[in-house]
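Reckoned from all heavy atoms, side chains included, excluding hydrogens, waters and symmetry mates. Start at 1 and go down the list; that is how both ligands and their atoms are numbered.
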Amino acid sequence: MAEVTPDLRHIPKDRAYAQLHAHLIAVLAGIDDDIAGMATMSALIHHGFRHLWTGFYRVVGPNLLRVGPYQGTLGCLDIAFGRGVCGTAAAERRTVVVPEVDRFPGHIACDARSKSEIVVPVFDAAGALIAVLDIDSDRRSTFDQEDANGLERIMRWFAGEGRG
Ligand code: SME
């Protein structure tokens, strides 16, 4: 496919996420497959914003996350609920924004270049937690409430919003 991933870095975040959301819904039209959704979202979010690491950790046990589709350098394989930023977001079922990873107790450093991070929980249509989306940046304070809002909206695809 010759399509170039649109560069979203230089437009206001609300517009960037609206554009990204529309793009993802269009690309995923007719696809009813969580892994295909995770892979496609990882690619478009990652390259759209030129993040350091973008991907999913899937819930594979009562208290265990395991790496899923991602873009970036080698990620940790397993993360227990309650550990690191991902495990905290999973245990508390809420988005966690970390402006400076060095100040987050228990942060798991998969890549020493990571400076800030956001983790967004992913729920299915029944409200069960199925994964978390983890994004790392090589700059401090990259993520804020606008990122949380935009990414939470995109993650609602896994609950059936805009899907089918
Ligand atoms: N930093 C994450 C671990 C996953 S990687 O960064 C890809 C955390 O603290 O949960």
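When the side chains of ILVMFWY residues are joined at heavy-atom separations under 4.5 Å, either directly or via intervening members, V60 and V132 end up in two distinct hydrophobic clusters. The hydrophobic clustering, which links ILVMFWY residues whose side-chain heavy atoms are closer than 4.5 Å, places V97 and V119 apart.
With respect to K13, the side chain to side chain contact (heavy atoms under 4.5 Å, CB included) criterion is satisfied by exactly one of L8, D144, N149: D144.
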Short N or O separations between ligand 1 and the protein, below 3.5 Å:
residue: ligand 1; atom: 1 (N); partner: H107; partner atom: NE2; Å: 3.3
residue: ligand 1; atom: 1 (N); partner: I108; partner atom: O; Å: 2.7
residue: ligand 1; atom: 1 (N); partner: E117; partner atom: OE1; Å: 3.1
residue: ligand 1; atom: 1 (N); partner: E117; partner atom: OE2; Å: 3.1
residue: ligand 1; atom: 6 (O); partner: D136; partner atom: OD2; Å: 2.8
residue: ligand 1; atom: 9 (O); partner: V85; partner atom: N; Å: 3.0
residue: ligand 1; atom: 9 (O); partner: I108; partner atom: N; Å: 2.9
residue: ligand 1; atom: 10 (O); partner: V85; partner atom: N; Å: 3.0
residue: ligand 1; atom: 10 (O); partner: C86; partner atom: N; Å: 2.8

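Using a 30° and 60° split on the angle between ring planes, Y70 and W53 fall in the parallel class, below 30°.
The two residues C76 and I108 make their nearest non-hydrogen contact at SG-CG2, 3.6 Å.
Residues meeting the salt bridge (Lys or Arg N to Asp or Glu O under 4.0 Å) test with R139, sequence neighbours left out: none.
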